[in-house]
Amino acid sequence: AKRDGRNAYRFFTSEMQAQSARALTLENALRRALERQQLSLHYQPQFALEAGGETRIVGAEALLRWQHPELGWVSPAEFIPIAETTGLILPIGEWVLQEALSQLRRWDQAGLPELTMAVNLSAVQFRNDDLPGLVGRVLHDVGMPAERLELELTEGAAMENPGAAIAVMNELHARGVRLSIDDFGTGHSSLSYLKKFRVGKLKIDQSFVRDLTEDAEDRAIVDAVIRMAAALGLETLAEGVETEGQLEFLRRQGCMAVQGYLFSRPVPADAFAESVLAENPP
Ligand code: C2E
Ligand code: CA
Ligand code: CA
Ligand code: CA
């Protein structure tokens, strides 16, 4: 059959128009989201895998949420890229840092165990020379020691300009802030840079964890990452752990920490504190 090129084309453009209209709507709405207090953070616990099969909560990852009165909940996968291209990620990212660290202080006061707060950093924030200064100011304002903060950045953010990245990482490291590589294995990192980057932890991407029990290749990759990290003196945390089978494999291979729906979805601060206190009475 002959293809109807013209219809295909018209379909394509109207779809594209709908997409860019949505992007424009989101962009305008996002400009006001901060001041209108539509942004919030959810927190997902991170657990160390200890000898004897025990798990112990050691941290929380702050994950941004946006609820708009008409658009409803908008996924970070949709609005973070818009925040990045518009530069809105700078004020939003600063708010995230401030809010997450303030929350950590409230949890300390409420008697939760001493946790590390992991905060996601966009490449756009990382490009900003003043990042170490900004992070230092927020830590000081909130009154949190730098060691309680872990910044997660992707391989892409670090490899965009490795020389500049090393300088920023050195400065953050000198201040005592921890760094981890997020989504490890999905980006284009050069392994030779791993020893130059001041990171302490690799977060093994959930795409390798998902089919761990069925897929021998994923098992080989995860195993290799864990061994390489150990040889370089880096910690490992596996993301997206959903089943006991995945957990068992990760434990056996010597993965040091885990995070995922098996333990908890990301939840609001109050729900987080409640369940942590229930399992770890002060
Ligand atoms: P990410 O940093 O890789 O975060 C992990 C994502 O996986 C989160 O999605 C989390 O809810 C989800 N997740 C956690 N455990 C499981 C699991 O067991 N199974 C599955 N299927 N998923 C799980 P979320 O919250 O939708 O965030 C998506 C992405 O948006 C994040 O990926 C991160 O790249 C970005 N993001 C979120 N908050 C921030 C932020 O404050 N700043 C920046 N720059 N980016 C953020
Ligand atoms: Ca992350
Ligand atoms: Ca990740
Ligand atoms: Ca991701």
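In each ligand, atom 1 is the first atom listed, and ligand 1 is the first ligand listed. In this chain, numbering begins with 1 at the start of the sequence shown.
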Original post:
CG/L179 to CZ/R198 distance, rounded to the nearest 0.5 angstrom?
Top reply: 10.0 Å
**OP:** State yes or no: are the ring centers of Y43 and W107 separated by less than 6.0 Å?
**Re:** yes
Original post:
Where is the tightest heavy-atom contact between T186 and E155, given as atom of each residue plus distance?
Top reply: N-OE2, 3.4 Å
Subject >> the Ca ion (ligand 2) - closest N/O/S atom in D182 >> reply: OD2
Subject >> Contact (N/O only, under 3.5 Å) between S75 and ligand 1 >> reply: no
Subject >> E217 atom CD: more than 12 heavy-atom contacts under 6.0 Å >> reply: no
**OP:** For R22 and L71, work out which heavy atoms get closest and say how close.
**Re:** NH1-CD2, 4.0 Å
**OP:** Verify side chain to side chain donor-acceptor pair (under 3.5 Å) between E84 and S122, making sure each step is shown before the conclusion.
**Re:** CA-CA 8 Å; E84 288 176 328; S122 145; 2.8 Å; yes
**OP:** Over all heavy atoms of both residues, which pair between K201 and L234 is shortest? Give the atoms and the distance, please.
**Re:** N-CD2, 4.5 Å
Subject >> Which N, O or S atom of D183 lies nearest to the Ca ion (ligand 3), by name >> reply: OD1
**OP:** Would you check the N or O atoms of Q44, main chain and side chain alike, for any that come under 3.5 Å of an N or O of ligand 1?
**Re:** yes
Subject >> Contact check: L64 vs ligand 1, nitrogen or oxygen atoms, below 3.5 angstrom >> reply: yes
Original post:
When rounded to the nearest 0.5 angstrom, what is the spacing between CD1 in I204 and CD1 in I221?
Top reply: 11.0 Å
Original post:
Is there a heavy atom of P266 sitting under 4.0 angstrom from any atom of ligand 1?
Top reply: yes
Original post:
Any idea which atoms of ligand 1 are less than 4.0 Å away from a heavy-atom of S122?
Top reply: 44 (N)
**OP:** Using a strict 4.0 Å cut-off to heavy atoms of V241, name the atoms of ligand 1 that fall inside it.
**Re:** 18 (O)
Original post:
With a cut-off of 6.0 Å (strictly less than), are more than 12 heavy atoms of other residues, nucleotides or ligands near CD of E274?
Top reply: no
Original post:
Counting from 1, what ligand 1 atoms have a heavy atom of P76 closer than 4.0 Å?
Top reply: 24 (P), 26 (O), 27 (O), 30 (O)
**OP:** Compare R210, H42, R65 and give the one whose heavy atom is closest to atom 25 (O) of ligand 1.
**Re:** R65
**OP:** Heavy-atom contacts with V96 under 4.0 Å: which atoms of ligand 1 show up? List them by number with element.
**Re:** 41 (O)
**OP:** Could you pull out, from D205, L63, L41, I92, the option with a heavy atom nearest to atom 31 (C) of ligand 1?
**Re:** L63
Original post:
How does E239 reach ligand 1, if at all, at less than 4.0 Å between non-hydrogen atoms: by side chain, backbone, both, or neither?
Top reply: side chain
**OP:** Give the name of the N/O/S atom in E61 that lies closest to the Ca ion (ligand 2).
**Re:** OE2
Original post:
Below 4.0 angstrom, N of the basic side chain to O of the carboxylate: do R137 and D141 qualify?
Top reply: no
Original post:
Hey, looking at atom 43 (C) of ligand 1, which of V258, T186, T154, N120 has the closest heavy atom?
Top reply: N120
**OP:** Below 4.0 angstrom from a heavy atom of D183, which ligand 1 atoms are there? Numbered from 1 as shown, please.
**Re:** 3 (O)
**OP:** Could you tell me if any non-hydrogen atom of E61 lies under 4.0 Å from any atom of ligand 1?
**Re:** yes
Subject >> Element-labelled atoms of ligand 1 that are located less than 4.0 Å from some non-hydrogen atom of G260 >> reply: 15 (N), 18 (O)
Subject >> Euclidean distance, T236 OG1 relative to K203 NZ, rounded to 0.5 Å >> reply: 12.0 Å
Original post:
Less than 3.5 Å between some nitrogen or oxygen of E242 and one of ligand 1, yes or no?
Top reply: yes
Original post:
Got an N, O or S from E152 under 3.0 Å of the Ca ion (ligand 2)?
Top reply: yes
Original post:
Parallel, tilted or perpendicular: which describes the rings of W66 and H68, with under 30° parallel and over 60° perpendicular?
Top reply: perpendicular
